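Everything below concerns the one structure shown next.
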Amino acid sequence: LLEEVFGPTSLVVRYESDQTLRRVLETLPGQLSATIRANADEIESLQWLVDLLASRAGRVVFGGVPTGVTCVQVGVPPVPLAWARTQRSL
């Protein structure tokens, strides 16, 4: 979380409470963008998160992907499993 990463990367973080998440996020340095992946009906309960990220990121994206990131359909080479297509974030 404290180092900039280039290329395909995923980080999944589990936390026990909003207070725990807030404490961790408050320690992070500024970022170019931050993305919130949530349902539209959750936005009111996440307003504290939107405000916190807006103070740390140049752009906050809700439910999308930041500029420079493209989600495309890619073909997967034949493998024993029945995979025909998969979606990847590049």
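All heavy atoms count here, side chains included; hydrogens, waters and symmetry mates do not. All residue numbers refer to positions in the sequence shown, counting from 1. Because the structure is predicted, anything quoted here is derived from the model rather than measured.
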Discussion item. Within this structure, what is the OG1-CZ distance for the pair Thr20 and Arg14, rounded to the nearest 0.5 Å?
Written reply: 14.0 Å
Worksheet item: Nearest 0.5 Å, what's the CG-CG distance between Leu46 and Leu52?
Response: 12.0 Å
Discussion item. Looking at every non-hydrogen atom in both residues, tell me the closest pair between Ser33 and Ala57 and how far apart they are.
Written reply: C-CB, 3.9 Å
Practice prompt. Specify the closest pair of heavy atoms between Thr27 and Val24, including all atoms of both residues, with the distance to one decimal.
Written response: OG1-O, 2.6 Å
Worksheet item: Do the non-hydrogen side-chain atoms of Phe62 and Leu53 ever get within less than 4.5 Å of each other?
Response: no
Fill in: Atom CD of Glu26: over 12 foreign heavy atoms under 6.0 Å
yes
Discussion item. Nearest 0.5 angstrom please: Arg56 CZ to Leu25 CG, how far?
Written reply: 8.0 Å
Discussion item. Within a 6.0 Å radius of atom CD on Gln47, are there more than 12 heavy atoms belonging to other residues, nucleotides or ligands?
Written reply: yes
Practice prompt. Indicate yes or no: at least one non-hydrogen side-chain atom of Asp18 is less than 4.5 angstrom from one of Leu49.
Written response: no
